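Every chain is numbered from 1 and lettered A, B, ... according to where its sequence line falls, protein lines coming before strand lines. Worth saying up front: this structure is predicted, and the values here are computed from it rather than measured.
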Amino acid sequence: MPYNFREIEKKWNSFWDEYSVNKYDENKEKYYCLDMFPYPSGSGLHVGHWRGYVISDVISRYNILKGKYVIHPMGFDAFGLPAENYAIKMGIHPSITTKENIDNFRVQLKKISAIYDWDMELNTTDPEYYKWTQWIFEKMFEKGLAYEKEFPINWCPSCKTGLANEEVVDGKCERCHTVVTKKNLKQWMLKITDYAERLLEGLDKLDWPEKVKKMQTEWIGKSVGAEVDFLVDGFDEKIKVYTTRPDTLHGATFVVLSPEHKLSLKITTKENLSKVEKYIEEAKFKSNVDRMSVSDKEKTGIFTGSFAINPINNKKIPIWIADYVLSDYGTGAIMCVPAHDFRDFLFAKKFDLPIIQVISKSGVEEDLKEAYADLCGVMINSGDWNGRDVVELKNNAPYEIEKLGIGKKTINYKLRDWVFSRQRYWGEPIPIIHCKNCGEVLVPENELPLELPLVKSYEPTGTGESPLAKIDSWVNCKCPKCGMDAKRETNTMPQWAGSCWYFLRYLDKNNKNELISKEKAKKFLPVDLYIGGVEHAVLHLLYSRFWIKFLNDIGILDFDEPFIKLFNQGMILGPKGNKMSKSEGNVVNPDEVVEHYGCDTLRMYELFIGPPELDASWDENGIDGVYRFLNRVYNLFEEYRDKYIKENEESVYLRNSFIKAITERIERFSLNTVISGFMEYNNSFIEFAKKNGGIDKNLLKDFAILLAPFAPHIAEELYHMVSDKKSVFDEKWPTYKEELTKKNKITLPIQINGKTKVFIDVDINLQDQEIIKIARDAIKEKIAGNIVKEIYVKEKIINFVVK
RNA sequence: GCCGCUGUGGCGAAAUUGGUAAACGCACACGACUCAAAAUCGUGCGGGAAACCUUGUCGGUUCGAGUCCGACCAGCGGCACCA
């Protein structure tokens with residue numbers, strides 16, 4: 001008879017509604033276990049969402065049983081493009097669809113039976129919430145970290161809005177995969193670059209996947225080098241170049257400016273002017289993608305006709321313009337050392353420019369077939385620097401250049417400031433008023449939240465202007481400073497704004513006066529474990545670290561890293577190994593699985609499917625295995641609930657090794673093998689019970705407790721068969737004694753020359769020599785030759801080396 | 001191109017620090033129960049008759065390698081003219 005999961009799950013769900021299993025107590029240690037809150041789409045949750053939520057719930061419940069007070073909230077990241085696009089398509093206002101979707105998500109989420117504290121629920125589109133998102137923006141503005149700038153930004157022609165660098169993937173819009181173009185727009189920017197160094201350093205102390213740390217490190221892209229000044233021959237101008245290899249300065253044979261460089265036209269000679277103008281004009285029309293897709297072989301460039309003076313040796317070298325030099329990195333100009341840089345080498349070959357070797361492995365000049373970029377060798381053709389080791393010189397050159405007065409040590413980052421305005425409707429209004437007299441003025445704090453006006457028409461204009469610009473009644477206002485007629489900022493914030501800090505607000509969502517109270521922040525933050533997909537590695541996770549560091553700087557928080565440990569769960573793929581999506585028609589709805597097998601089975605299967613950090617294919621058949629297992633557990637309890645025997649050597653061993661196995665596997669996040677462990681030990685317990693005609697009651701009790709984080713309903717039911725406390729979660733996580741996790745008699749494999757030949761059963765308490773003797777006797781006939789060595793690894797293996 | 005991850009039965013996978021490769025489960029086969037089927041329970045299940053062989057390929061270190069080292073191959077992911 002299969003166990004009645006419907007009745008059991010219903011029963012305990014209503015019990016938990018009344019009886020809190022996660023009781024707050026001042027003396028308890030806190031544990032903040034956070035899920036990346038979902039964006040409430042119209043299509044609802046699928047089994048992929050469940051994976052992360054189950055993991056976080058298991059860890060939460062495990063920590064409750066370890067005696068901690070667990071903070072485990074849930075909310076909704078509801079602003080943003082998808083909601084707006086969906087609303088436009090359906091002709092329903094996003095505020096309505098968002099509310100409907102959230103209601104649906106909440107119902108679905110409750111089916112997971114996660115111990116979310118629904119009193120903490122929030123959503124980013126609630127004015128009471130985004131009041132504080134706006135407030136943080138205002139603080140940033142006050143500190144000079146939010147500023148306006150007009151420049152060619154990434155523009156998605158399909159989403160009709162500007163994008164941050166982080167939102168451009170492979171030259172395409174992160175959201176809709178349309179090729180991104182450039183558009184000159186006045187934008188609100190956040191100075192994340194001010195935090196580049198701290199964002200980099202902070203990674204060291206985080207317990208995050210190396211992959212994510214690496215992605216952020218590379219995104220921040222720190223490099224150490226020098227700026228060197230090159231005078232322009234015949235002009236009263238100098239070109240600053242940035243190089244990471246000042247040691248190769250003697251090998252610089254030309255200088256290249258980016259087409260956008262301010263000196264490009266100025267230093268071009270008359271004869272070359274028309275050609276150069278044409279080249280610069282063409283570069284302007286090349287989108288980023290075009291510029292990137294040009295392979296190394298097809299470098300383009302044009303000679304200006306002018307020459308620069310290499311400051312280290314006063315040699316005249318030509319100045320070129322080429323679009324492979326980026327205008328917004330370093331100084332927008334480079335010195336080229338073709339002998340030791342692959343790109344410069346190709347450029348020099350193509351345009352027949354001189355190549356001077358300055359580093360040599362052998363110490364003499366060689367015939368270079370390609371750039372020699374290894375950091376190995378000594379300097380040649382380098383004046384005073386000749387004979388010095390390249391690694392040593394590379395480290396010291398920035399300082400030596402500084403002494404010579406021709407440049408200085410410089411650090412550069414690839415990270416750019418965050419383009420923060422969106423030309424779309426469904427986002428937080430930026431609380432700024434443009435006044436002719438006073439310039440940019442903040443909406444006064446007591447007027448926050450600045451609410452998004454409810455309007456009928458909110459389609460994106462595509463012109464670079466926000467749809468809010470059309471609402472005269474909203475746009476026109478008085479300047480809070482001087483009282484004159486003024487206009488509101490009409491751009492909105494990007495989706496990422498609300499998610500930068502939501503985990504703070506869960507803890508104090510009704511606080512009218514502060515973003516979060518000092519006491520609560522101190523008591524419950526930071527987040528101990530953050531679980532979500534890897535796709536936010538350089539988006540949400542970077543932005544959020546930035547905001548938290550800022551809030552730390554202005555004294556709101558006393559920590560500066562939001563998430564101590566990060567775990568990225570793998571994706572759930574369709575049965576054929578491809579992404580679950582509506583268009584593929586392979587989306588598995590968890591509600592149906594719950595209906596068919598119950599919540600506990602689905603929870604267990606989500607973990608059993610494979611290592612939690614790897615992608616896994618959904619396999620309908622695999623669920624049956626978990627379902628059968630839970631039935632067998634139920635039957636074991638049913639059959640033996642009043643047939644108890646006293647504990648014996650074997651039951652003590654089983655119990656201790658079981659607790660050890662499950663605990664260790666949870667601790668190292670090997671949740672798939674926890675489920676395997678349950679199955680394996682369940683089989684052992686059944687065997688034990690059959691053999692002994694009964695079971696050790698402690699075995700059943702501990703089984704129910706260990707199972708509770710994973711399959712809470714059935715565990716609660718089973719627990720009540722063997723105990724009379726109110727809830728299994730009032731128990732403590734069982735402990736074990738190491739010495740009791742071992743059997744006295746073990747089977748020892750005996751090898752000859754590393755190949756297993758026989759097994760012996762021995763008492764581990766015997767002396768080593770005695771065990772080896774037994775082994776030697778057991779294997780006597782199989783030995784052909786003399787034993788030259790005996791290796792005994794305690795309780796593991798015996799190997800005889802025979803010759 | 002550079003960096004990272006992964007590669008183990010028909011399938012999902014296991015094997016903390018080198019120590020019985022394939023635990024646990026799926027699928028499959030046979031048996032028990034049944035008039036029969038489903039469910040359940042039991043047995044078997046990498047290859048080979050066996051000696052033995054087997055963790056992507058080739059080599060190395062070691063008494064002993066899925067695990068460590070070197071070279072390569074394949075798949076996935078990240079970065080991609082950042083000077």
How far, in whole Å, is G10(B) from G46(B) if one measures between their C1' atoms? 10 Å
For U67(B) and C58(B), measure between their P atoms and round to the nearest Å. 13 Å
Base, sugar-phosphate alone, or nothing: which one does [X] contact when heavy atoms must sit under 4.0 Å apart?
X	answer
Arg632(A)	sugar-phosphate
Asp328(A)	nothing
Lys211(A)	sugar-phosphate

Please enumerate all residues that pass side-chain hydrogen bond (donor to acceptor under 3.5 Å, both in side chains) together with Arg628(A), with sequence neighbours excluded. none
side-chain hydrogen bond (donor to acceptor under 3.5 Å, both in side chains) filter on Ser684(A), not counting sequence neighbours, yields none
Less than 6.0 angstrom from the centroid, inside 45 degrees of the normal: does Lys299(A) satisfy that with respect to the ring of Tyr324(A)? yes
Cation-pi geometry met for Lys350(A) and Phe347(A) (6.0 Å, 45°): no
Under 3.5 Å, N/O pairs linking protein and nucleotides 45-48 of chain B:
none

When you check every protein heavy atom under 4.0 Å of [range], what one-letter string (B, S, -) results, 5' to 3'?
range	value
nucleotides 49-56 of chain B	---SS---
nucleotides 27-34 of chain B	S-------
nucleotides 12-22 of chain B	BSSSBB-BB--

Can you see whether [X] engages [Y] through a side-chain donor-acceptor pair at a distance of less than 3.5 angstrom?
X	Y	result
Tyr543(A)	Glu166(A)	yes
Thr300(A)	Tyr279(A)	yes
Ser670(A)	Thr673(A)	yes

Identified side-chain contact (heavy atoms from CB on, under 4.5 Å) counterpart of Ile321(A) within the set Leu263(A), Thr304(A), Val255(A): Thr304(A)
Residues in salt bridge (Lys or Arg N to Asp or Glu O under 4.0 Å) with Asp328(A), at least two apart? Arg416(A)
Look at the side-chain N and O atoms of Lys789(A) and state whether any lies under 4.0 Å from the OP1 or OP2 oxygen of C63(B). yes
Test: salt bridge (charged side-chain N to carboxylate O under 4.0 Å, His left out). Region: [range]. Which pairs qualify, not counting sequence neighbours?
range	value
residues 661-685 of chain A	Lys66(A)-Glu667(A), Lys660(A)-Glu664(A)
residues 682-693 of chain A	Glu650(A)-Lys691(A)
residues 244-258 of chain A	Arg245(A)-Asp247(A)

Answer with yes or no after comparing the ring centroid distance for Tyr597(A) and Phe5(A) against a 6.0 Å cut-off, counting only values under it. no
Treating a pair as Watson-Crick (purine N1 to pyrimidine N3 plus N6-O4 or O6-N4) or G-U wobble (N1-O2 and O6-N3) with both distances under 3.5 Å, list the stems of 3 or more consecutive pairs that involve RNA chain B. B:1-7 with B:73-79, B:10-12 with B:24-26, B:28-32 with B:40-44, B:56-60 with B:68-72
State which residue, out of Tyr627(A), Trp618(A), Trp50(A), fulfils the ring pair (Phe, Tyr, Trp, His ring centres under 6.0 Å) condition with Tyr605(A). Trp618(A)
Near-strand residues of residues 219-226 of chain A, defined as heavy-atom separation under 4.0 angstrom from RNA chain B: Ser223(A)
Might you work through the side chain to side chain contact (heavy atoms under 4.5 Å, CB included) test for Tyr792(A) and Leu748(A), ending with a clear yes or no? CA-CA 10 Å; Tyr792(A) 173 43; Leu748(A) 207 58; 3.8 Å; yes
